[in-house]
Protein chains: 2
Amino acid sequence: MSRNIRSRTRREILDAASRLFAVAGFKGTSLQDIAAEVGCSKATLLYHFDGKDAILVEMLAPAVGAFDMLDKQLAGLADDTVQFAAVKGYVDLVLRFRREITVLYGDIPALLEHPALADVQGMVDRLLDALAARSSEPPAQVTALMVLGAVPVVCMKPAAMDDDELRDVLVRSAAGTLNVRGA
Amino acid sequence: MSRNIRSRTRREILDAASRLFAVAGFKGTSLQDIAAEVGCSKATLLYHFDGKDAILVEMLAPAVGAFDMLDKQLAGLADDTVQFAAVKGYVDLVLRFRREITVLYGDIPALLEHPALADVQGMVDRLLDALAARSSEPPAQVTALMVLGAVPVVCMKPAAMDDDELRDVLVRSAAGTLNVRGA
DNA sequence: GTCTATAAGGTGATAGAC
DNA sequence: GTCTATCACCTTATAGAC
């Protein structure tokens with residue numbers, strides 16, 4: 001059969017593509033970049049896959065499948081047990097598919113590497129340090145990162161609260177993440 | 001003087017660009033798109049700005065400036081007071097510059113709108129529902145969003161912990177965000 | 001299955017008329 | 001200040017030889 005679904009080259013392409021997508025983003029990575037990383041021609045890429053999109057989709061497929069399983073599993077739980085199961089399931093999922101998650105978020109680091117935004121990286125690092133109460137303990141640094149990621153996501157969705165209420169919930173819950181009580 | 005720094009057209013361009021960047025991402029938006037949104041030609045864009053990058057940089061400038069102020073302010077605080085001040089300052093900053101934050105994260109929604117990933121949106125919505133313990137209260141939905149955003153950021157940075165420890169910190173801290181104790 | 005060559009179209013940016 | 005026309009480049013994708 002032509003285009004063996006499990007050929008070695010296919011896997012090499014998927015691996016190289018996911019590595020590049022993770023650092024430069026999907027749009028920021030060209031077929032030429034992938035071909036160079038694999039060490040083949042663009043035409044070879046397009047022999048194995050129907051297009052650039054198909055590479056992305058097949059790369060994300062296992063993660064999407066696992067997400068689908070979690071989705072179905074949570075659907076069968078009662079309201080009082082579903083919340084903690086969702087937390088555990090979600091954490092497991094993201095830990096298991098780091099590479100794919102990084103691809104989804106991959107255009108942000110690429111953007112922050114813009115020369116004009118060079119200072120921002122330092123600011124972010126120092127903000128993280130403050131959020132960790134200047135602790136060098138890994139768990140403190142992890143929770144600081146969590147707060148860093150938690151807040152923007154909220155602000156991108158239109159909320160059913162005014163900004164003052166929203167601010168209050170954000171600050172209190174972030175303190176909960178860090179396991180501290182506010183001043 | 002040529003290229004008046006506060007011309008009306010300049011502001012219109014910045015506004016149109018930020019709107020487009022927020023939904024399609026920086027790389028996903030072309031000068032042609034911006035020109036069409038403003039109702040002018042690409043050449044006009046490039047008369048007012050030194051290039052596409054310059055539009056992005058000037059658009060983010062106020063947010064970067066405010067971040068810089070927070071940065072300096074936190075630097076003057078003692079270790080025991082800096083953490084909560086960082087939480088409040090960060091929340092304020094993000095709430096104040098929603099549009100700019102959305103631009104930074106803009107390529108993710110664009111990616112999730114890919115036809116092949118259509119199912120994922122529904123899964124995300126149901127996961128959020130589960131993380132909120134199926135509550136329709138706005139604060140519960142906000143904390144669910146926080147957890148959704150918190151976990152991936154951690155997994156993109158190499159951590160000084162093994163995966164089991166990391167999982168434990170993530171689950172416990174996410175429970176802290178949601179203000180629930182685990183089963 | 002892999003290659004070179006090329007097509008067809010979009011990109012950021014420039015030149016010069018008005 | 002704004003436009004049209006054009007540039008050089010890069011993109012995804014295809015054709016056909018090997």
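Heavy atoms only: backbone and side chains are in, while hydrogens, waters and symmetry mates are out. We name chains A, B, ... by the order of the sequence lines, and we start the count at 1 in each one.
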For A/Glu58 versus A/Leu14, what's the shortest heavy-atom pair and its separation?
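What the structure gives for the nearest pair is OE2-CD1, 3.8 Å.
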
On a heavy-atom basis, which atom in B/Val154 and which in A/Met146 lie closest, and how many Å separate them?
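Closest heavy-atom pair between B/Val154 and A/Met146: CG2-CG, 3.4 Å.
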
Donor-acceptor contact below 3.5 Å, side chain [X] vs main chain [Y]:
X: A/Asn179; Y: A/Gly176; answer: no
X: A/Gln83; Y: B/Leu131; answer: yes
X: A/Tyr90; Y: B/Leu127; answer: no

Does B/Met69 CE have over 12 foreign heavy atoms under 6.0 Å away?
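Atom CE in B/Met69 is not packed in, count stays at 12 or less.
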
Please name the residue in the list A/Leu178, A/Leu170, A/Leu128 that meets the side chain to side chain contact (heavy atoms under 4.5 Å, CB included) test with A/Val147.
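Per the side chain to side chain contact (heavy atoms under 4.5 Å, CB included) rule, the option paired with A/Val147 is A/Leu178, out of A/Leu178, A/Leu170, A/Leu128.
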
Please tell me if [X] has a side-chain N or O lying less than 4.0 Å from either OP1 or OP2 of [N].
X: B/Thr44; N: D/dG1; value: no
X: B/Thr9; N: D/dT2; value: yes
X: B/Ser7; N: D/dG1; value: no

Separation of [X] atom [atom1] from [N] atom [atom2], in whole Å?
X: B/Leu45; N: C/dT14; atom1: CG; atom2: C1'; value: 14 Å
X: B/Phe49; N: D/dG1; atom1: CZ; atom2: C1'; value: 14 Å
X: B/Arg11; N: D/dG1; atom1: CZ; atom2: P; value: 13 Å
X: B/Arg10; N: D/dT2; atom1: CZ; atom2: P; value: 12 Å

Which residue pairs satisfy the side-chain hydrogen bond (donor to acceptor under 3.5 Å, both in side chains) criterion with at least one member in residues 130-150 of chain B, sequence neighbours excluded?
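Counting only pairs at least two positions apart or across chains, the side-chain hydrogen bond (donor to acceptor under 3.5 Å, both in side chains) contacts touching residues 130-150 of chain B are A/Asp79-B/Arg134.
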
For the helix from C/dG1-D/dC18 to C/dC18-D/dG1, figure out the bend between the end axes, five pairs an end, and round to 10 degrees.
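That helix gives 0° between its end axes.
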
Show me the protein contacts with nucleotides 10-13 of chain D, counting only N or O atoms at under 3.5 Å.
residue, atom, partner, partner atom, Å
D/dT11, OP1, A/Ser30, OG, 3.4
D/dT11, OP2, A/Gln32, OE1, 2.8
D/dT12, OP1, A/Lys52, NZ, 3.2
D/dT12, OP2, A/Leu31, N, 2.8
D/dA13, OP2, A/Lys52, N, 3.0

Picking from D/dG1, C/dC3, C/dT2, which would you name as closest to the side chain of B/Tyr47?
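Closest of the options to the side chain of B/Tyr47: D/dG1.
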
Just compare D/dT14, D/dT2, C/dA15 and give me whichever is closest to any side-chain atom of B/His48.
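Output: D/dT2.
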
Ring-face cation of A/Lys52 near A/Phe26 (centre distance under 6.0 Å, axis angle within 45°):
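The answer is yes, since A/Lys52 meets both limits relative to A/Phe26.
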
